[in-house]
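Please read the structure below before turning to the comments.
What you see is a predicted model; the values in this text were computed from it and never measured. This chain uses plain numbering: 1 for the first residue, then up along the sequence.
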Amino acid sequence: MNWTSVLIAFLLYFFLGGLWFTLLFKKAYAQSLGKVGQLPEKPAPIFIVGPALCSFVITIATSVLIYALDISTISSAIEFAMIVGIGYLVANTVNIAINPNIPNPILYGIISGTYHLTGITIVCVVLVLMKA
């Protein structure tokens, strides 16, 4: 496994999340949580460290699978990203959203699910491009 590619892919995935939820879709994300105008400007450390750790674990697991399945082309990386992204990340995100604590579960699922689908696609492409 190429740990440099894992680190680069993880950083891109993690920073995409920062942009996604605080800049690109900040208002829609707050709306999905029923907290328009209520999200803190400076989130507590757990809201930064937690997603970072999760993104890192996802990136490592993805790298292991890419090597185990011998995925070596960009088209195969994208195909794999769609399977994993939709089959696990998006489906699980929507499943988590469907509970009484999320007032707009479909909106939350769309915003967070597409973040993970975009992120895992970037991760897969980087890992395959830098595959040793």
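Applying the ring-ring contact (aromatic ring centres under 6.0 Å, His included) test to every pair with at least one member in residues 35-59, sequence neighbours left out, gives these pairs: F10-F56. For residues 66-90, the set of pairs meeting the salt bridge (charged side-chain N to carboxylate O under 4.0 Å, His left out) definition, not counting sequence neighbours, comprises D70-K131.
Under a hydrophobic-cluster definition in which Ile, Leu, Val, Met, Phe, Trp and Tyr are linked whenever side-chain heavy atoms come within less than 4.5 Å, directly or via other members, I110 and V90 are assigned to different clusters. Under the 4.5 Å side-chain heavy-atom criterion for ILVMFWY residues, a single connected hydrophobic cluster contains both W3 and L65. Hydrophobic clustering (ILVMFWY, side-chain heavy atoms < 4.5 Å, transitive): F15 and I8 are in one cluster. I83 and I122 are assigned to two separate hydrophobic clusters, defined by single-linkage of ILVMFWY side chains at heavy-atom distances under 4.5 Å. In terms of hydrophobic clustering, with Ile, Leu, Val, Met, Phe, Trp and Tyr side chains grouped at heavy-atom distances under 4.5 Å, L129 and M1 are assigned to a common cluster.
The two residues T59 and A9 make their nearest non-hydrogen contact at CG2-CB, 3.9 Å. I120 approaches A81 most closely through the heavy-atom pair CG2-O, 3.6 Å. Contact record, G109 with A97: N-CB, 4.3 Å, taken as the closest heavy-atom pair.
In terms of the salt bridge (charged side-chain N to carboxylate O under 4.0 Å, His left out) criterion, K27 has no residue partners (sequence neighbours excluded). Listed by chain and residue number, nothing satisfies the ring pair (Phe, Tyr, Trp, His ring centres under 6.0 Å) test with F80 (two or more places apart in sequence, or in another chain). Listed by chain and residue number, nothing satisfies the side chain to side chain donor-acceptor pair (under 3.5 Å) test with T114 (two or more places apart in sequence, or in another chain). For N99, the side chain to side chain donor-acceptor pair (under 3.5 Å) test picks out no residue, with sequence neighbours left out.
Inter-residue side-chain proximity for L117 and M82 is flagged as met; some heavy-atom pair is nearer than 4.5 Å. L33 is listed as a side-chain neighbour of Y29, based on a closest heavy-atom distance under 4.5 Å. Taking 4.5 Å as the limit, some side-chain heavy atom of Y108 sits within range of a side-chain heavy atom of T93. A 4.5 Å side-chain heavy-atom check between V123 and L12 finds every atom pair outside the cut-off. Using a 4.5 Å heavy-atom cutoff, the side chains of Y88 and V84 are in contact. You'll find the side chain of S32 stays beyond 4.5 Å of the side chain of I102, heavy atoms only. V128 is listed as a side-chain neighbour of I66, based on a closest heavy-atom distance under 4.5 Å.
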So T62 and C124, side-chain contact (heavy atoms from CB on, under 4.5 Å) or not? Walk me through it. CA-CA 7 Å; T62 302; C124 289; 3.6 Å; yes
Kindly indicate, with the supporting measurements, whether the criterion side-chain contact (heavy atoms from CB on, under 4.5 Å) is fulfilled by L127 and I71. CA-CA 10 Å; L127 293 173; I71 296 170; over 6 Å; no
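Under 3.5 Å, the side chains of H116 and Y13 contain a donor-acceptor pair of N or O atoms.
If you take CG on L89 and OG1 on T118, they are separated by 11.0 Å, rounding to the nearest 0.5 Å. Expressed to the nearest 0.5 Å, how far CG of L16 lies from OG1 of T121 amounts to 10.0 Å. The line from CD1 of I78 to CD1 of I74 is 6.5 Å long, rounded to the nearest 0.5 Å. To the nearest 0.5 Å, atom CD1 of residue I60 and atom CG of residue L7 are 10.0 Å apart. Going from atom CD1 of I106 over to atom CD1 of I111 covers 11.5 Å, rounded to the nearest 0.5 Å. The OG atom of S112 lies 9.0 Å from the CG atom of L107; values are rounded to the nearest 0.5 Å.
Under a 3.5 Å cut-off, the side chain of N2 and the backbone N or O of S5 do form a donor-acceptor pair.
A perpendicular orientation is assigned to the rings of Y115 and F21, their planes being inclined by more than 60° (bins at 30° and 60°).
Other residues, nucleotides and ligands place no more than 12 heavy atoms under 6.0 Å from the CD1 atom of I46.
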